[in-house]
Asks: 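Encoded as structure tokens, here's the structure I'll be asking about.
Values reported hereafter were calculated over all heavy atoms of this structure, with side chains retained and with hydrogens, waters and symmetry mates removed. Residue numbers begin at 1 in each chain, while the letters A, B, ... track the order of the sequences.
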Amino acid sequence: MDISHIFDDLNDAQREAVAAPPSPLLILAGAGSGKTRVLTSRIAYLVEAHGVSPLSIMAVTFTNKASREMRSRIEDMLGLPMGGMWIGTFHGLAHRLLRFHYQEANLPQTFQILDSDDQLRMVKRSLKELALDEAYWPPKQLQWYINGHKEEGRRPANVPVENDPQQKTMLAVYSHYEDLCQRFGLIDFSELLLRAFELLKNNQVLRERYQERFQHVLVDEFQDTNSIQYGWLRLLVQKSHCLFAVGDDDQSIYGWRGAKVENILQFEKDFPDTKVVRLEQNYRSTTNILNAANAVIENNTTRLGKNLWTAGEQGEPVKLYTAYNEQDEATFIIGQIQAWVEQGGLRSETAILYRSNAQSRTFEERLLNVGMPYKVYGGLRFFERAEIKDALAYLRLCDSNDNDPSFERVVNTPTRGIGNKTIDIIREYARQNQLSMWEASNRLIASTQLTSRAQTALATFINLIQEIRSQIVDQDLFQQIEIMLDLSQLIEHFKKEKGEKGEARVENLQELVTAARGYEIDETEDDLAPLSSFLAHASLEAGEGQAEEWEDCVQLMSLHTAKGLEFPLVFLTGLEEGLFPHQRSLEEGSGRLEEERRLCYVGMTRAMKQLWLTHAESRRLYGSEKYTSASRFLSEIPDEMVQAVRVKPKTSYVAPVRKHSAWVDDQSAHESGVAVGMNVSHPKFGEGTVVNLEGHGEYARIQVNFSDVGSKWLVLAYANLTQL
DNA sequence: GTTGTGCGCTTTTTT
DNA sequence: AGCGCACAAC
């Protein structure tokens with residue numbers, strides 16, 4: 001078979017990785033070095049050149065988006081559907097495994113997935129049942145504690161017990177939480193992974209079956225795996241040893257949530273015959289951008305060592321803008337984007353990146369002001385919205401009566417006279433008799449322990465759920481949802497909510513029906529009822545943030561969100577000590593600063609053509625105004641690699657002495673006598689401030705930020721400006 | 001059962 | 001500052 005199409009566009013290192021003989025492979029792939037391409041090419045190569053069946057390949061990613069992309073790219077390359085191939089996220093594949101072997105995993109067939117919200121509720125419930133005060137035992141912290149242990153593979157019995165009462169209490173909560181989940185067949189995200197791991201670890205028959213089935217296992221973003229994920233992979237490839245791991249230690253930015261870069265080092269120890277391939281040629285950024293990014297990341301001590309290079313052009317210098325405050329920062333950036341657009345660029349080619357989401361606000365206000373379309377990534381996603389969760393809770397309750405988080409969610413939504421008092425009684429009764437709240441309610445209704453009002457209300461609710469369940473059998477998925485919305489009166493409930501908020505909620509509910517209409521059940525899930533499949537899907541995939549139409553708009557997102565993406569024009573903002581690197585990271589120590597630096601590296605390497613670094617000298621954050629000093633990351637870039645642009649204050653503001661004097665006004669003197677920071681007047685555009693200068697003589701161009709019309713590039717010779 | 005008031009917190013995010 | 005949450009008052 002002709003397999004040249006797989007290799008045609010690959011460089012030597014990429015080819016080496018793709019065509020390596022079967023063995024453990026560790027691909028250290030720098031930013032923009034084509035790692036996804038290598039991963040997909042490897043699969044295509046295995047199938048076409050070695051005749052490996054897609055059925056014996058597993059490819060694991062972290063996000064649903066990445067796994068979808070991978071699947072479609074492989075299908076494009078091979079020209080055939082890859083239905084039988086296990087491509088998915090760690091959680092998705094673990095879920096599949098547990099569904100197939102629910103008995104061996106000691107789960108009910110109807111086990112349900114708890115998302116982090118549900119999990120938090122369960123933690124709170126555990127606290128309550130143990131009579132612990134939430135004020136002393138913050139539920140969030142307990143949730144973090146529980147997940148932390150699970151991610152390290154520790155069950156309550158394996159948590160080292162010291163004679164510390166605080167530790168003991170936390171452990172008791174973990175233990176109780178686990179009992180509750182087990183009793184009602186509820187599985188949180190980390191449990192999904194831990195169960196799947198234990199399933200293979202403890203069940204020799206299954207383990208060997210899967211070890212034989214999966215001759216090749218491939219992982220993307222290996223540096224982001226946590227202990228249990230890596231352990232699971234190791235079990236799977238114990239026989240074949242064919243683990244193909246692609247990762248970049250310099251882009252490890254999820255240590256705070258349990259990711260272990262050390263897994264990269266451990267890999268070579270666990271598999272002594274590992275072949276390591278480095279992908280160091282970058283196809284994304286200009287030399288200038290790459291050099292600056294390399295200069296920053298070099299300051300990290302714990303690196304495997306790798307130096308990205310590019311055969312591409314030198315490009316524009318990396319530029320630095322020092323703003324007075326966050327408002328000025330936003331104004332300046334938007335001026336630059338306007339200039340970019342005027343020169344024929346697309347808004348969607350530009351990205352404003354920030355360390356923390358709170359920073360997006362200023363940018364949004366300014367963008368709204370000038371009427372420039374933008375899209376903010378992050379924030380609440382579709383399946384996380386309250387109204388959607390309510391609707392899903394109804395469905396879940398119909399699907400599985402013992403789902404307590406769902407029960408609590410909708411028992412009084414819309415309000416039907418079941419107040420906290422009644423719910424407390426149900427909860428307490430359930431706890432004492434080891435029942436689900438559904439069961440407890442049924443018994444309470446039959447007893448005389450409730451007021452007659454509560455008794456009636458509760459019975460109405462139970463009947464409602466049963467009514468919905470009986471009406472939705474044998475209906476299409478979307479009709480099931482419509483029936484549920486109708487009988488539960490959720491739509492009416494949200495219609496009453498005043499303002500746009502209510503409208504938006506109703507729209508979202510309608511959108512849910514649409515989503516259900518278009519929902520296609522995965523063929524590996526044909527053992528599941530469509531509704532169950534849809535519900536699992538909703539738990540495992542929270543959906544897009546905003547389901548907006550595709551418009552040409554400026555992209556706003558956090559640095560974490562930007563990982564894996566690229567943009568011709570990037571603004572890396574808020575480069576200030578305390579904000580980036582973040583104060584919390586500075587305080588926590590132990591490698592957190594290096595992680596911040598990697599984050600900076602990730603941000604810088606998103607840029608293809610032009611990278612702007614910005615910081616403000618004063619910033620309003622958490623209500624108060626603070627003077628800030630420039631981020632240490634800025635001083636790590638040699639001066640000659642950065643071109644500083646600085647606007648002089650309009651008023652009598654005196655700039656503080658800068659640490660890096662070379663940044664100040666190095667552009668200010670121009671042969672024409674015009675200087676950055678000068679206030680000028682234009683016959684048509686009015687008054688403004690010079691923010692940038694380039695070129696010489698008659699080609700000299702000048703960028704002016706006009707107070708009325710925003711930022712404009714003008715040819716100096718024709719601009720007809722007067723100095724103010 | 002809804003509506004108001006005060007308090008406390010405030011990084012990053014996927015599943 | 002602004003938001004979410006918990007508890008208190010209507």
Asks: When the distance from CZ of Arg584(A) to P of dT12(B) is rounded to whole Å, what number comes out?
Replies: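 These atoms are roughly 10 Å apart.
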Asks: Mark yes or no for a side-chain to base donor-acceptor pair under 3.5 Å between Ser116(A) and dT15(B), with no hydrogen or angle criteria applied.
Replies: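 Such a pair is found, so the answer is yes.
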Asks: Tell me whether Ser252(A) contacts the main-chain N or O of Asp249(A) through its side chain, where contact means a donor paired with an acceptor under 3.5 Å.
Replies: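 Answer holds: no.
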Asks: To the nearest Å, give me how far apart CG (Asn64(A)) and P (dT15(B)) are.
Replies: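 Asn64(A) atom CG is separated from dT15(B) atom P by 5 Å.
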Asks: Which one, dT13(B), dT15(B), dT12(B), comes nearest to the side chain of Tyr254(A)?
Replies: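 Looking only at heavy atoms from C-beta outward on Tyr254(A), the closest nucleotide is dT13(B).
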Asks: Mapping Gly419(A) and Ile253(A) onto DNA chain B by nearest heavy atom, which one lands closer to the 5' end?
Replies: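 Nearer the 5' end of the strand: Gly419(A).
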Asks: Looking at Arg355(A) and Glu596(A), is any side-chain nitrogen of the basic one under 4.0 Å from a carboxylate oxygen of the acidic one?
Replies: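 Between Arg355(A) and Glu596(A) there is a salt bridge, with a charged N closer than 4.0 Å to a carboxylate O.
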Asks: So which nucleotide from dT15(B), dT11(B), dT13(B) ends up closest to the side chain of Arg592(A)?
Replies: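 Closest of the options to the side chain of Arg592(A): dT11(B).
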Asks: Looking at the side chain of Thr415(A), which of dT14(B), dG1(B), dT11(B) is the nearest nucleotide?
Replies: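 Closest nucleotide to the Thr415(A) side chain: dG1(B).
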Asks: Calculate the interatomic distance between Phe580(A) atom CZ and dT11(B) atom P; express it in whole Å.
Replies: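 For the pair Phe580(A) CZ and dT11(B) P, the rounded distance is 15 Å.
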Asks: So Glu588(A), base contact, sugar-phosphate only, or nothing? Heavy-atom distance under 4.0 Å.
Replies: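 Here Glu588(A) touches the bases of the nucleic acid.
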Asks: With centres under 5.5 Å and planes under 30° as the test, does His582(A) stack with dT11(B)?
Replies: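 Stacking is present between dT11(B) and His582(A), given that their ring centres fall under 5.5 Å apart and the planes under 30°.
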Asks: Going by atom type alone, with no hydrogens or angles, which donor-acceptor pairs under 3.5 Å involve a side-chain atom of residues 450-457 of chain A and a protein atom two or more places apart or on another chain?
Replies:
| unit_1 | atom_1 | unit_2 | atom_2 | d |
| --- | --- | --- | --- | --- |
| Thr451(A) | OG1 | Ala454(A) | N | 3.2 |
| Gln455(A) | NE2 | Ile445(A) | O | 2.6 |
| Thr456(A) | OG1 | Ser452(A) | O | 2.6 |

Asks: Asn412(A) has an atom CG; how far is it from atom C1' of dG1(B), in whole Å?
Replies: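 It is 8 Å, rounded to the nearest whole Å.
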Asks: Would Trp256(A) pass as stacked on dT12(B), i.e. its ring centre under 5.5 Å from the base's six-membered ring centre and planes under 30° apart?
Replies: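 Ring-base stacking flag set for Trp256(A) and dT12(B).
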Asks: Would you mind telling me which of dT12(B), dG2(C), dT10(B) lies closest to the side-chain atoms of Arg361(A)?
Replies: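 My answer, after comparing the listed nucleotides, is dG2(C).
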Asks: More 5' along DNA chain B: Glu596(A) or Asn420(A), using each one's nearest nucleotide?
Replies: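 Mapping each residue to its closest nucleotide by heavy atoms, the 5'-most match is Asn420(A).
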Asks: If you check every side-chain atom of Glu384(A), which of dT15(B), dT2(B), dT11(B) has the closest atom?
Replies: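 Closest nucleotide to the Glu384(A) side chain: dT15(B).
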Asks: Take the protein atom CZ of Phe90(A) and the nucleotide atom P of dT15(B), then report the distance between them rounded to whole Å.
Replies: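 Rounded to whole Å, this separation is 13 Å.
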Asks: Can you tell me which residue among Trp86(A), Phe100(A), Phe111(A), Tyr102(A) is in a ring pair (Phe, Tyr, Trp, His ring centres under 6.0 Å) with His95(A)?
Replies: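 When Trp86(A), Phe100(A), Phe111(A), Tyr102(A) are each tested with His95(A), the ring pair (Phe, Tyr, Trp, His ring centres under 6.0 Å) holds only for Phe111(A).
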Asks: In whole Å, I'd like the distance from the CZ atom of Arg416(A) to the C1' atom of dG1(B).
Replies: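 These atoms are roughly 14 Å apart.
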Asks: Could you state the atom-to-atom distance from CH2 of Trp144(A) to P of dT13(B) in whole Å?
Replies: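 From Trp144(A) CH2 to dT13(B) P: 18 Å.
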Asks: Rounded to the Å, how far apart are Phe382(A) CZ and dT14(B) C1'?
Replies: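 Answer to the nearest Å: 19 Å.
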Asks: Should the pair Arg234(A) and Tyr230(A) be classed as cation-pi, given the thresholds of under 6.0 Å to the six-membered ring centre and 45° from the axis?
Replies: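 Yes - Arg234(A) lies over the ring of Tyr230(A), closer than 6.0 Å to its centre and within 45° of its axis.
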